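First comes the structure, then the notes that go with it.
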Amino acid sequence: MRTRVRLFREQIAQRAGAILDLDASHLADAISDPPSQELGDLSLPCFQLAGPLKKAPAAIATQLAAAQWDFPWIEGVDTAGPYLNFKLRRDHFARLALERVEQGGEQWGAGQSGAGKRVLVEYSSPNIAKHLAVHHLRSTMLGQAMANLLRCAGHEVISWNHLGDWGTGFGKLLACWDQFRDTDNLDDPPLESREDPVSDLNALYVQFNQASESDPQLDSLARDWFRKLESGDPHAVERWQRIRSVSLDKFDTIYQRLGVHFDETVGESHYQDAMLEMVDQLKGAGILEQSDGADVVRLSEEIPPMLIRKQDGATLYGTRDLASAVLRHQMFPFDRCLYVVDAGQGLHFRQVFGVLKLLGYSWADQLEHAEFGVMRLQVDGAWKKGKTRGGQVVLLEDVLEQSVQLASDKVRAKNPDLDDDQVAQISEAVGVGAVIFSDMKSARRKDVNFDLDKILSFDGETGPYLQYTHVRFCSILRKASPLKLVSGGGERLVEAEELVLLKRILRFPEVIARAARDAEPSHLSQYLLELAGEFNTYYAQHRVISDDAQLSGDRLALVEALRRTLGRGLKLLCVQPLERM
RNA sequence: GUCCCCGUAGCUCAGCUGGAUAGAGCAUCGGAUUCCUAAUCCGGAGGUCGCAGGUUCGAAUCCUGCCGGGGACGCCA
């Protein structure tokens, strides 16, 4: 049992210090839960006091146990060797937990750790004219959850989508437009009125690459088109914008399903001028050096130089990231800026941050690469990153559809009384929730194997498990609502399993603060799984609604507090809490 | 070769700022449904916490080295 309740720690440490006549405020951090409930509810290990007091830890524990602990919330004090164990008054504890949730209202769990601080979070950042694939799930969902968590912890959050909308690839697409008019004329039917314009663009793109192998002319044509685009040729720009626009529309429909929202969507195309200015700035600062005909900035011994301009004078994406960081800080002076990008780009970001620091930007230290591990797919029985055997990516849309379809079968089987609309709504939430949660369950740095079978099993530590638990809460509350039972403030919540749940509830704000601080949504995922597990254990042993009206009232209050905690937590992770499933 | 990340049960992972017998899920074996949804719960079996040192009263947790896996290392993003 790792649950710690921060609430009482300071008071215990302070009192211990007073009894022993020394400063013991640092002991608050050492106070934790005993390994078993028989020993007590909170525990102070006395090892650290042995040095300054020149006494054995066990003797100190004994001395402390003999002193006055006249807090209203302490029921008893005892020792177990060098440990001083406290038994808490459960009614007091219960009242406190229920009050906290009640007072929190819609904001339950919110904190002030981020008050007055602004955080910019960059995530998702897909390339236009392509589909969102499963591997985009990581950055997109981790980033959105981080934004939600940071906001909940009191920060002002700017969510930022750094769109890949520039590069020679678009020259190819523009070349296709004229060159492959016979195979697919993008003006007839016009791109905008097509059912799936992005797939059509992809098809053309693939065809272009195949054709260019035997016809090198095509590549130079593509370069010409990109030059036109760069120089602002109206014809090229107009077509590029249409491609961009249909792509964004497509992204938005999926973002909406996933509960993803951006405050700012700024494409790489936006930094054309800023990149040139950045190069000048680097020159002016005297840190731009020639190396093999290219321009680089040398950093420390450990980090290789950052390449700024190629031999042909063209800038690279790193230069774009430099310019983008400066722009972001101008637009939204931040206290922290997260880049939710895969771990493979670790060096790149160290270089970017390093160069900004060389340029004298004090806020360079506030930039943070919130890296995550790669997503691997199963290919011929082995886990590999990137693509399937055929070389094609697995589309996010398709995965969501499969998951929703499977959920639908299950929902319908379990709830024959629901109409089609309700089934559709519930299966959407369950199917999408399963996919989302699977991605946020473990620490972000770990590589994940995208195991669709496992995700679709809906068993064990999954999104549907949490949703099911939430449904149980709702089901109990629904059944009890006509009874109009009133809670007596929780004084009847004296079962061991109830104390476990009350402690769990009280920790909620701390978990959110920690998850926000570490940019680690899995802290919350793990917490919610533990909450659900503890409740389901409780549920199997105790009835909430019984003939005892007072007891029922208190237990219902507990269930309501749990429902609000789990519901809030799920929403922060972009998983929809349900009332039925 | 240099740098970064990872290494805990057969598999996938928790274990927060070091604290009392290392925990879940999956898989496996055995149980639970007159009762608030069994998408659940209970029990069994399963671990030299990669290895070796070090710091400490105490190390899965901190430090160093080694081994193993993954990734990155100038003209892609």
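Note on naming: letters A, B, ... go to the chains in the order of the sequence lines (proteins, then strands), and numbering restarts at 1 for each one. These numbers come from a predicted model, not from an experiment.
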A:Tyr271 and A:Ser324: side chain donor to acceptor below 3.5 Å: yes
Stems where RNA chain B pairs, listed by first number, each of three or more Watson-Crick or G-U pairs under 3.5 Å: B:1-7 with B:67-73, B:10-13 with B:23-26, B:28-32 with B:40-44, B:50-54 with B:62-66
Taking only residues two or more places apart in sequence, or in another chain, which ones meet [X] in a salt bridge (Lys or Arg N to Asp or Glu O under 4.0 Å)?
{"X": "A:Asp548", "result": "A:Arg492"}
{"X": "A:Arg350", "result": "none"}
{"X": "A:Arg543", "result": "none"}

Distances under 3.5 Å between nitrogen or oxygen atoms of protein and nucleotides 41-44 of chain B:
residue, atom, partner, partner atom, Å
B:rC41, OP1, A:Tyr465, OH, 2.7
B:rC42, OP1, A:Thr537, OG1, 2.9

Ion pair check, A:Glu371 and A:Arg444, cut-off under 4.0 Å: no
Pairs touching residues 449-463 of chain A that satisfy side chain to side chain donor-acceptor pair (under 3.5 Å), sequence neighbours left out: A:Arg376-A:Asn449
Stretch residues 46-62 of chain A: residues that reach within less than 4.0 Å of RNA chain B through a heavy atom: A:Phe47, A:Gln48
Using a 3.5 Å cut-off and no angle test, enumerate the donor-acceptor pairs between side-chain atoms of residues 430-442 of chain A and protein atoms at least two apart in sequence or in another chain.
residue, atom, partner, partner atom, Å
A:Ser438, OG, A:Val435, O, 2.8
A:Asp439, OD1, A:Arg138, NE, 3.0
A:Asp439, OD2, A:Arg138, N, 3.4

Reading 5' to 3' through nucleotides 30-35 of chain B, protein heavy-atom contacts under 4.0 Å coded B for base, S for sugar-phosphate only, - for none: -----B
Protein-to-nucleotide contact annotation, 5' to 3' order, nucleotides 72-77 of chain B [B base; S sugar-phosphate only; - none; under 4.0 Å, heavy atom]: SSBBSB
All pairs passing ring-ring contact (aromatic ring centres under 6.0 Å, His included) where residues 510-532 of chain A contributes a residue, at least two apart: A:Phe508-A:Tyr527
Pairwise P distance for B:rG18 and B:rU56, with rounding to whole Å: 16 Å
Pairwise salt bridge (charged side-chain N to carboxylate O under 4.0 Å, His left out) hits with a residue in residues 423-437 of chain A, at least two apart: A:Arg257-A:Glu428
